[in-house]
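Values reported hereafter were calculated over all heavy atoms of this structure, with side chains retained and with hydrogens, waters and symmetry mates removed.
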Protein chains: 2
Amino acid sequence: MLDKIKSSEGTLSRSERKVANQVLENPDQIVEASIQHLARMAQVSEPTVVRFCRAIGCDGYHDFKLRLARSIASQDKFFFRDVAASDSSRELSDKLIDSAIASMQHIRNQLDHQAVDAAIELFCQCERVEFYGSGGSGLVAEDAQLKFFRLGKPAIAYVDPHVQKAAASLLDSASLAVVISYTGKNKDVLEAVGLARQTGAPVVSVTRTGSPLALLSNINLNVDVAEDSDMFSPLKSRLAQMMVLDILAVGIALRGGDEMIDQLVRATAAIADKFVE
Amino acid sequence: MLDKIKSSEGTLSRSERKVANQVLENPDQIVEASIQHLARMAQVSEPTVVRFCRAIGCDGYHDFKLRLARSIASQDKFFFRDVAASDSSRELSDKLIDSAIASMQHIRNQLDHQAVDAAIELFCQCERVEFYGSGGSGLVAEDAQLKFFRLGKPAIAYVDPHVQKAAASLLDSASLAVVISYTGKNKDVLEAVGLARQTGAPVVSVTRTGSPLALLSNINLNVDVAEDSDMFSPLKSRLAQMMVLDILAVGIALRGGDEMIDQLVRATAAIADKFVE
DNA sequence: ATATTTTTGTAGTAATATTACAGTATCAGC
DNA sequence: GCTGATACTGTAATATTACTACAAAAATAT
């Protein structure tokens with residue numbers, strides 16, 4: 001909703017823009033305000049407020065406030081709450097899931113779409129792709145392998161640091177290296193990236209903004225997740241990384257057209273006999 | 001909000017309860033309705049509606065509708081939308097993330113908390129735990145291994161079907177087997193479970209309700225994720241499984257007290273020298 | 001500089017929500 | 001089973017709120 005206001009700001013008249021600014025500045029106040037209130041705050045007349053509502057695609061002030069309330073609510077609903085030993089399993093699961101959702105929303109807001117597009121482009125152009133990750137990120141690398149080789153392009157994941165380095169040194173400019181690391185500071189991975197870059201292979205990283213790994217890569221897909229709640233287990237960063245790679249994979253699949261869909265269908269059919277019934 | 005209404009239903013008068021029922025039955029209609037409208041729907045007078053609002057802790061009808069809009073919005077905001085080749089990467093990522101969030105919310109609502117408690121109990125009592133999963137679920141099993149052995153209890157993941165069967169036949173009643181499968185129909189995994197049960201080891205499964213695997217297990221942690229959007233890559237089921245196991249792990253960690261926290265700290269410190277800076 | 005279009009505000013109208021009050025039902029005590 | 005008290009509910013009036021029609025003002029083009 002707020003995005004909508006921002007994007008349609010260009011088509012608004014001067015007074016209407018005054019209203020828009022008021023709304024954007026303190027939306028949570030506006031939700032509770034009457035049309036009079038808002039008109040006074042923006043120093044315009046009440047009908048102008050109504051016109052503003054219509055201009056951004058609402059039925060009237062009522063409808064506008066309702067939609068605003070909705071969109072604001074859902075922004076704030078999910079956040080990290082500390083877990084306690086006294087929590088029931090219901091409280092515990094609610095807290096953890098809400099926290100995970102919050103981190104997903106965060107990814108949704110901060111993901112660099114240009115980088116995604118650029119990464120898709122690199123993938124489409126390369127002949128083969130290799131994924132590097134250690135520890136927890138190694139799992140993400142393997143998950144990515146599963147996703148990407150179903151698309152019909154040679155894809156492999158290396159989780160062992162030594163093997164990573166050996167593999168990286170054997171890349172070439174027709175390959176693509178995708179490097180996954182939560183902190184972006186893992187020595188082994190950084191060394192592997194250095195070797196990869198020397199071969200002329202482009203490197204796409206999935207790590208936090210500004211980390212050593214991000215700086216060493218051609219493209220970085222930002223995954224900045226709050227560390228707060230990951231004390232017990234680093235779930236959120238893992239979910240976020242997998243999410244980003246999934247977006248990449250689906251983006252590529254969509255761009256690949258029917259041919260790639262065929263590959264998917266065949267890959268799925270290949271394991272059909274593994275199931276009962 | 002709806003919970004609040006439900007819980008305070010006991011203190012309401014008969015007419016007020018009529019209003020409450022109307023609200024609970026179709027909340028999304030009510031959000032758009034005027035006080036007249038709602039009064040007519042509940043077959044009461046308008047002041048009764050106002051009284052109802054006050055009774056559940058709102059300032060008036062206005063305030064009530066605002067709060068209702070808020071709470072409903074955040075429930076329905078996320079849902080699956082089909083991706084299209086024409087989607088920009090922004091649209092694509094928004095759709096995929098929303099869909100993933102929706103599946104998390106689904107887990108939040110349908111998770112069987114009694115089963116979680118029972119699984120925690122089993123874990124605390126066992127001497128060692130083994131995780132079984134193949135293909136994509138194999139990754140989840142390995143992720144679980146990482147989570148659980150940090151808690152100081154022997155934990156191991158088997159992803160190879162043959163190894164799974166061999167390992168399962170060597171379990172005993174002091175072990176715990178955790179079996180992960182999206183469909184719950186994988187033959188190899190089912191056979192492994194059969195072997196495990198014969199040894200007297202309890203089996204906790206993470207799969208869909210009512211699947212063959214769920215029926216064979218002592219406890220099942222339901223993970224029913226809509227299949228709709230997982231055509232390109234089975235992300236949502238994976239996230240859901242990992243989420244559930246994370247809830248389990250954190251639940252156990254919290255119940256383990258300071259001793260277990262110590263284990264966590266030590267496990268984290270052990271890899272500290274792997275990072276630059 | 002004038003005409004035209006767009007924008008903005010004023011005043012009035014319709015609706016919506018709220019309040020005061022009175023009638024009705026419910027229940028306890030006799 | 002009746003009476004009185006209490007709680008509940010609806011009617012009617014009021015105040016507030018949102019909206020519309022119209023006219024004035026500003027901005028733009030000719």
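If you take CD1 of B:Ile35 and C1' of D:dT16, they are 13 Å apart, rounded to a whole angstrom. Here the P atom of nucleotide C:dT16 and the OH atom of A:Tyr61 are 17 Å apart, to the nearest Å. Distance B:Asp63 CG to D:dT17 C1': 16 Å, rounded to the nearest Å. One can place NE2 of A:His62 at 9 Å from C1' of D:dA18, the figure rounded to the nearest angstrom. One interatomic measurement links the two molecules: CZ of A:Phe52 to P of D:dA18, which rounds to 14 Å at whole-angstrom precision. Here the P atom of nucleotide C:dT16 and the NZ atom of A:Lys65 are 14 Å apart, to the nearest Å.
Contacts with DNA chain C (heavy atom under 4.0 Å) in residues 37-49 of chain B: B:Glu46, B:Pro47, listed by number. For DNA chain C, the residues of residues 15-25 of chain A within the heavy-atom distance limit of 4.0 Å (strictly under) are A:Ser15, sorted by number.
When the nearest nucleotides of DNA chain D are assigned to A:Arg54 and A:Gln36 by heavy-atom distance, the more 5′-ward of the two goes with A:Gln36.
The nearest pair of heavy atoms linking A:Glu32 to B:Leu66 is CA-CD2, 4.1 Å.
Under the 6.0 Å distance and 45° angle rule, B:Arg238 does not count as a cation-pi partner of B:Tyr182.
Put simply, B:Arg14 has a side-chain N or O that comes within less than 4.0 Å of OP1 or OP2 on C:dT26.
Considering only heavy atoms from C-beta on, A:Met41 comes within 4.5 Å of A:Gln29 through its side chain.
Side-chain atoms of A:Asp224 come within 3.5 Å of backbone atoms of A:Thr209 as a donor-acceptor pair (strictly under, hydrogens ignored).
Aromatic ring centroids of A:Phe123 and A:Phe148 lie under 6.0 Å apart. In this structure, B:Phe64 has its ring center closer than 6.0 angstrom to the ring center of B:Phe52.
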Review point. Where do B:Ile247 and B:Leu111 land on the side-chain contact (heavy atoms from CB on, under 4.5 Å) test, with the steps shown first?
Key: CA-CA 11 Å; B:Ile247 291 166; B:Leu111 188 62; 3.9 Å; yes
Worked verdict on A:His106 versus A:Val225 for side-chain contact (heavy atoms from CB on, under 4.5 Å): CA-CA 8 Å; A:His106 186 237; A:Val225 178; 5.5 Å; no
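As judged by a 4.0 angstrom heavy-atom cut-off over every strand, B:Arg51 is placed among the base-contacting residues.
Listed by chain and residue number, B:Thr48 satisfy the side chain to side chain donor-acceptor pair (under 3.5 Å) test with B:Ser45 (two or more places apart in sequence, or in another chain).
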